[in-house]
Amino acid sequence: MKPVTEIANLRILISKYNHAYYTENASEVSDEQYDALMNRLLFLEREYPDLKSEFSPTVRVGSVPLASFSSVLHEAPMLSLSNVFSQEDFISFNNRIVSDLDTEQIAYSVEPKLDGVSLSLVYRDSMLVQAATRGDGVRGEDVTSNARTIRSIPLKLHTDESINVEIRGEVFFMTKNFQKMNLGKKEAGESVFANPRNATSGSLRQLDSSVTASRPLSFMAYATGFYPAGILNQNQLLKKFHEWGFVVNPKNKICTTTEQVIEAYDELVEVRSNLPMEIDGMVIKLNDFSLRDKIGSLARAPKWATAWKFHAEEMSTALIGIEVQVGRTGRLTPVARLEPVQVGGVVVTNATLHNQEEIIRKDVRVGDIVLVRRAGDVIPEVVKSLPSEVSTRGQLFSMPDKCPVCNGPVAQPDGEINLYCINPSCSARLQRSLEHWASRKSLDIDGLGEKLCGQLVNSGMVKTIADLYNLEFHALTNMERMGELKVTKLFSALEKSKTVSLSRFLTGLGIPGVGEVVSRDIAGRFMGLEALGAATEEELIAIKGVGHVIATSIIGFFSSPITSEVIQQLVNVGFDPVEEEKRIGKILAGETIVFTGSLQIPRQKAKELAQMAGGKVTGSITGKTTMLVIGENVGSKLGKAKTLGVKIVSENDFIELVSKEQRRIK
Ligand code: IVH
């Protein structure tokens, strides 16, 4: 056989096997047979260089490296897509189309939004002559040699006609190919790719196309630069792509009602994690091309299509390390350090692993590719490890038996899965406590951020939150990045914080179990710190949201020598927190008060004082009573009040309270 004939035959045969394997998912020959044919063709092309061709399947292994990419002008700009994030957004997108077209008879092509890199492929006379990345939409980079190595991109369209067309689609990794490739890299001691998208863009933008050839990339077609003659809608176009030898997403669908579109979206959300590739939403396109032309495009995106993005996005990335953070309560939390990845529109570099039990349950190990989830504003979490060969995986992480910050002892309270650093002066705990004290929901202290809290703790200037109020001006101005103006502002913010309401003060203290909501409920029942500090478990449990555990926690906090000392110091520097609404003039508003026992002041006077402060006074204890003021020699009312969970206040506290009110009114 003449070399020219043998070469031609081999090319036809190998292309046929390629198509069957990469596009139709059907293997017609064994790997050995395929390799033998390919090697024979490579040999002949080396022997007869004149017979080389850019359309030979041997280009799939890559060609001579380039010095740089040249830039190419797209025949028609490569637009991007507008986004919608909810059903309502989609309905308004649809309403706009309905009103522009003046018809409700609308068909959409809905397609999974592949999370890869878009690519333009120019075919002349049905032959692939140019491939370019999107670039800025107008000009892209010429990556023709690289695109030729991607097996699912036909070098020649499967047609006898001579077709000129620019086909657009997505280059991406099938998840299983991505995992296999990363495994190979790991075994070779190379660094792994963080996620399929990064790997795609890195693989496509290689000057040496043999590198691209070694990466198992895929391609799916979904659009053209100009609509080919005779093709009237997206559905026909996608069918044509398949005929021409492209892979088309089998999940693409035509929907003729908004309900069907919503159903298609819900279904995609459901099956998303089981799909063979990563997707980040659903593209909704008007099916009919003539209607698209009526609607038109804006500068960057068409008005006839949109991308309905997923909400709580899950993305894969590499787990590069696990660190243990020590929280305000001393709780040790394992935190995953991740190769940066965009999740739900935000770059994520850390995610919580919760605790040892979760690490074991999810079998997450350093070096794994993990799935990271972010839903709304919550802290990102590692959902799971994506499968990989067990033999090459790292050791299972174990939590330390000492605090990683202060090296102090850790303990696991009965019935808890979490470990705690029990050293109350651990610098990590202290820093987190300061950050919490200064945070917006607590005392909202401007200028006291994470960094400064760290500096204050590390310099030894602050050992408790109360120390913040005894700082020396000059000691601060000597610190890094702390000019006089900044320190002055900080001092005034600290001074202002002394007028905080009781509920925010309580939130700021960070008593275990006492967050914003419980703080507010507690502050609604007690006049001030002194009353709260003297509260019994019974009184506390009577408050909505407070059970035995929280009540014990509060009592423990006010009776522990260390924490009660801090509260005393805060009072000494001028804190006297009461609840906001009481502060503004009606300290006893909403209270139904009963007096009992012999009072030092005349009863009538006491009654007037209570009423002036907004309270209502009655003679006997009923279900409506909220406060019992007690003098000397109290009788049965006290017992009754206790059983009803009524707040009990001494006459002195009462006088103190209402006189405070009088001072405020003045
Ligand atoms: S059509 C003018 N269809 O999403 C419309 N795009 O932000 C052109 N994408 O750059 C795009 N899957 O990379 C279309 N089925 C699909 C898609 C898809 C993924 C990407 C594409 C584009 C981006 C839009």
Side-chain angles (χ1 to χ4, degrees), residues 74-85 89 93 97 108-121 131-141 143 147 150 152-153 165-174 195-201 203-205 217-227 231 233-235 237-242 246-255 261 264-265 268 272 275-289 291-293 295-310 313 315 342 344-345:
H74 295 300
E75 285 175 23
M78 282 181 86
L79 300 182
S80 67
L81 291 168
S82 61
N83 292 319
V84 296
F85 289 96
D89 289 357
F93 164 82
I97 297 217
Y108 290 112
S109 174
V110 299
E111 306 170 9
K113 188 170 180 300
L114 303 167
D115 194 17
V117 173
S118 53
L119 188 69
S120 136
L121 302 169
T133 60
R134 179 169 176 273
D136 61 5
V138 176
R139 289 182 160 279
E141 282 175 324
V143 291
I150 301 173
S152 43
I153 294 180
V165 67
E166 188 213 334
I167 288 175
R168 295 173 176 180
E170 204 82 350
V171 181
F172 62 97
F173 275 105
M174 289 290 203
N195 59 59
R197 219 203 85 84
N198 285 4
T200 305
S201 130
S203 302
L204 197 60
R205 298 188 64 263
L217 289 164
S218 299
F219 179 84
M220 281 189 183
Y222 51 62
T224 50
F226 291 102
Y227 303 129
I231 294 179
N233 59 46
Q234 181 75 2
N235 197 30
L237 183 68
L238 295 172
K239 287 205 171 104
K240 198 50 132 184
F241 285 158
H242 182 70
F246 288 97
V247 186
V248 185
N249 201 321
K251 290 268 173 214
N252 294 345
K253 250 192 203 147
I254 296 291
C255 294
V261 175
Y265 177 83
L268 218 46
R272 180 184 181 192
L275 290 180
M277 77 288 282
E278 289 193 353
I279 64 170
D280 60 344
M282 182 175 87
V283 183
I284 306 166
K285 304 170 179 174
L286 207 55
N287 187 40
D288 191 294
F289 292 161
L291 296 184
R292 287 187 186 180
D293 290 342
I295 301 266
S297 293
L298 297 170
R300 289 186 49 78
K303 289 199 281 177
W304 45 261
T306 195
W308 187 348
K309 295 293 260 317
F310 290 140
E313 272 195 80
M315 293 294 286
Q342 280 260 353

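For the single chain, residues carry numbers from 1 onward in sequence order. Every heavy atom of this structure was used, including side-chain atoms; hydrogens, water molecules and symmetry mates were not. Indexing begins at 1, ligand by ligand and atom by atom, following the structure's order.
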Chemist: Could you identify the single nearest non-hydrogen protein atom to atom 10 (O) of ligand 1 and state the distance to 0.1 Å?
Modeler: Ser118 OG, 3.8 Å
Chemist: Just to confirm my output: which protein heavy-atom neighbour is closest to atom 12 (N) of ligand 1, and how far is it?
Modeler: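 For this ligand atom, the closest protein heavy atom is Leu114 N, 3.1 Å.
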Chemist: Could I get the full list of side chain to side chain contact (heavy atoms under 4.5 Å, CB included) partners for Ser80, not counting sequence neighbours?
Modeler: Arg134, Arg300
Chemist: With distance as the sole criterion, is a donor-acceptor pair present between the side chains of Thr306 and Ser82 under 3.5 Å?
Modeler: yes
Chemist: Considering Arg292, Lys113, Lys285, Met220, which one's heavy-atom position lies nearest to atom 3 (N) of ligand 1?
Modeler: Lys285
Chemist: Distance under 4.0 Å to a non-hydrogen atom of Pro112: what atoms of ligand 1 satisfy this?
Modeler: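 Result: 12 (N), 15 (N).
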Chemist: Which atoms from ligand 1 have a heavy atom of Pro302 less than 4.0 Å away?
Modeler: 2 (C)
Chemist: Of Tyr222, Trp304, Phe172, which has the heavy atom at the shortest distance from atom 16 (C) of ligand 1?
Modeler: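 It is Tyr222 that holds the nearest heavy atom.
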Chemist: Whether Lys285 and Glu111 form a salt bridge (side-chain N of Lys/Arg under 4.0 Å from carboxylate O of Asp/Glu) is what I want to check.
Modeler: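 Looking at Glu111 and Lys285, the cut-off is met.
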Chemist: Do ligand 1 and Leu79 have nitrogen or oxygen atoms that lie under 3.5 Å from each other?
Modeler: no
Chemist: Using distance alone, determine whether Ser80 and ligand 1 share an N or O pair under 3.5 Å.
Modeler: no
Chemist: State the CD1-CZ distance between Ile167 and Phe241, to the nearest 0.5 angstrom.
Modeler: 5.0 Å
Chemist: Does Gly116 come within less than 4.0 angstrom of ligand 1, counting non-hydrogen atoms of the residue?
Modeler: no
Chemist: Which residue owns the protein heavy atom closest to atom 15 (N) of ligand 1, what's the atom, and how far is it?
Modeler: Glu111 OE1, 2.9 Å
Chemist: Taking only residues two or more places apart in sequence or in another chain, which ones pass side chain to side chain contact (heavy atoms under 4.5 Å, CB included) with Asn233?
Modeler: Asn235, Gln236, Asn287
Chemist: Below 30° counts as parallel, above 60° as perpendicular, anything between as tilted: where do the rings of Phe246 and Phe219 land?
Modeler: tilted
Chemist: Give the residue, atom name and distance (to 0.1 Å) of the protein heavy atom nearest atom 5 (C) of ligand 1.
Modeler: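 Atom 5 (C) of ligand 1 sits closest to the protein heavy atom Leu81 CD2, 3.6 Å.
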Chemist: Could you tell me whether the side chains of Gln234 and Arg292 share a donor-acceptor contact shorter than 3.5 Å?
Modeler: yes
Chemist: Give me the nearest non-hydrogen protein atom to atom 20 (C) of ligand 1 as residue plus atom name, then the distance to 0.1 Å.
Modeler: Glu170 OE1, 3.6 Å
